[in-house]
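As the structure lists them, so they are numbered: ligands from 1, and atoms in each ligand from 1. Heavy atoms only: backbone and side chains are in, while hydrogens, waters and symmetry mates are out. We number each residue from 1, following the sequence as shown.
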Amino acid sequence: MSCDYPLLVKTFRAGKKPQFLADAKSVDFARQLDAQDKLKSFRDDFNIPTKASLKKKALDGSILGEKKQPPMVNGDGDGEKAVNGVSQSSADTDDDTPSIYFVGNSLGAQPKCIRTHLDAQLETWGSIGVNGHFTSLENSPLTAWQDMAADCAQQSLDLVGAASASEVIYMNTLTVSLHLMMASFYRPTEKRHKIIAEWKPFPSDSYAIASQLQWHGLSPETSLIEIHPDQPGTMCISTEHILSVIDEHADETALLLLPGIQYYTGQLFDIPRITAHARARGITVGWDLAHAAGNVELSLHDWDVDFAVWCTYKYLNAGPGAIAGVFVHERHHHADANANQDSGVVNGLGYRHRLAGWYGADKSVRFNMEKEFRPAEGAHGWQVSNPSAVDLACVRAALGVFGRTSMRELRDKAVVLTGYLEWLLNGLLEDKVGMGGEGQPAFRILTPANPLERGSQLSLLLRSGLLGRVSEKLAEVGVVIDVRKPDVIRVAPVPMYCRFADVWGFVEVFKRALEEA
Ligand SMILES: *Cc1c(COP(=O)(O)O)cnc(C)c1O
């Protein structure tokens, strides 16, 4: 057996791609990697849907890992399993095998501690009512409601590489925060009015960009530059090409807005190099880190990024639609003496223009109900409304799980886990599994092969016509992946709770699905 996990990690940290040998094809190899995985116990902290639970049609009062209570029907306890008139046959609901949950890039699995934090929030609210704004109860994992967003910021320093908690705030949802950031950081002038983006942003980002342009009386035709893939046959974009587009439009560009990881291809962009290049040309730089936060190592402060936004329900596991994160670099926290007031960037009161609300006011004066806005320090001064404490409780619980490890450790595992998936998939291609009549391979991996250019996701472009049957087959046996019509599946073995044995199992099922499709 050539299974040496630390060596695989070391290889990556030395700037090379971890290599697997022939014996890595066996499930024993996968299990050995699992046995050597320092993070393996984190899986126990999550509710991973089981094959049976995925088929659930009615609430029965249980989440996985909890003892099931027989549902009470008309108080008679023995319950021939009719809840609200829905009868459940136990025949196909008894498979407690965990699913292969490879959609942490879409909705992260549920951390078990979410319930503890929500219970604490409910008990606080129910017990001390309005006083919960300023009081935190002993034994509670939560702070007073007024301090919860700041507490979550403090828990995010390693996550995004912030210099201090004042660079981070949790507020709104991702697209709303993106709009608020653009209101501050996209300040077009006659000369500099363009936004540079990529050719295929997540639709919400596309709509946000186009509507911001229109809001300023501009149009995508005149003011939006889209960076297209530069090598025929791939949907990825080289850094060189991005830099050359920046150069081409540098004098007219106000904002560069890119995703840290492109959601469709899974390509991780060279954030530090691209940021430095654009900033050196006077361009403001924002990153949408929806697919990067909690997935790859980030150093937003050191990379000198102007602003960034991310959601918390993908790799961060805070639950559907949970409150989003925002980063504003320290250099924007105070009035910029060099800024041109006429441009409206810095207003007469000495702080950067923003769409303000009472929660952005300094905490010491927030409840004085003053008419004049005095922003809180840093990113915190961009808050608008009273944030949902229920939402923040979920984010705090989810961040607490990350706080017990580090992005470096998670990344180490992710590189080996994703590399192993890629290696096994390439094995299927070598074995010509599911090859079409004219020697067309069953699929192609769209995601870059270089571990430095991707996170935990591999996007597979299936041969035309295969997607329906393949995805059905995967779903049937309890494999949860993301399907993007017409031909792409996105597979994300996230390091926090996925195992090498899951990767192995996925490839086995995928192989069978291709053979039968
Ligand atoms: C997931 C995702 C979104 C979702 O936006 P919400 O405002 O949270 O609904 C937006 N942009 C990108 C790039 C995403 O990956």
Side-chain angles (χ1 to χ4, degrees), residues 102-109 149 152 156 159-160 169-183 185-186 195-212 224 226-227 235-237 242 255-269 271 274 285-296 298 300 305 307-327 355 382-385 387-388 390-392 394-395 398 446-447 454-459 480-484 488-492 494:
F102 282 1
V103 282
N105 57 342
S106 180
L107 181 73
C152 289
S156 304
L159 188 75
V160 295
I169 195 63
Y170 284 85
M171 60 180 191
N172 320 304
T173 39
L174 172 55
T175 312
V176 174
S177 287
L178 179 58
H179 272 301
L180 290 174
M181 286 298 106
M182 288 174 83
F185 291 99
Y186 175 56
I195 298 177
I196 299 180
E198 43 111 3
W199 70 302
K200 197 179 167 63
F202 194 90
S204 204
D205 299 47
S206 281
Y207 307 154
I209 293 168
S211 60
Q212 284 278 339
L224 176 61
E226 294 172 326
I227 310 175
M235 296 191 200
C236 295
I237 310 174
I242 295 174
L255 176 67
L256 173 73
L257 182 64
L258 291 174
I261 289 184
Q262 213 284 346
Y263 83 98
Y264 195 72
T265 61
Q267 181 183 6
L268 167 62
F269 291 113
I271 302 175
I274 294 166
V285 180
W287 291 91
D288 185 331
L289 302 176
H291 284 265
N295 184 11
V296 294
L298 299 166
L300 299 183
V305 163
F307 73 88
V309 289
W310 61 94
C311 57
T312 56
Y313 48 81
K314 292 172 180 163
Y315 290 90
L316 293 175
N317 317 313
I323 199 164
V326 168
F327 169 92
L355 296 182
W382 266 266
Q383 294 173 94
V384 178
S385 288
S388 157
V390 168
D391 233 3
L392 285 169
C394 293
V395 171
L446 293 178
T447 311
R454 67 185 187 201
S456 294
Q457 168 188 324
L458 293 184
S459 302
V480 193
I481 44 110
D482 178 80
V483 177
R484 293 288 123 194
V488 168
I489 61 172
R490 300 184 306 159
V491 186
V494 310

Query raised in the report: Do N105 and I261 have side-chain heavy atoms sitting under 4.5 Å apart?
Result: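 Of all side-chain heavy-atom pairs linking I261 with N105, none is under 4.5 Å.
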Look only at the side chain of [X] and the backbone of [Y], and say whether a donor-acceptor pair between them is shorter than 3.5 Å.
X	Y	answer
Q262	P201	no
S459	L446	no
N295	S456	yes

What atoms of ligand 1 come closer than 4.0 angstrom to any heavy atom of [X]?
X	result
D288	11 (N), 12 (C), 13 (C)
T175	5 (O), 6 (P), 7 (O)
H291	15 (O)

Considering heavy atoms of the protein only, find what lies nearest to [atom] and give residue, atom and distance to 0.1 Å.
atom	answer
atom 2 (C) of ligand 1	K314 NZ, 2.4 Å
atom 9 (O) of ligand 1	Y313 OH, 3.5 Å
atom 11 (N) of ligand 1	D205 OD1, 2.6 Å

Query raised in the report: What residue among Y186, W287, F307, F185 forms side chain to side chain contact (heavy atoms under 4.5 Å, CB included) with L257?
Result: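 Testing L257 for a side chain to side chain contact (heavy atoms under 4.5 Å, CB included) against Y186, W287, F307, F185 leaves exactly one candidate, F307.
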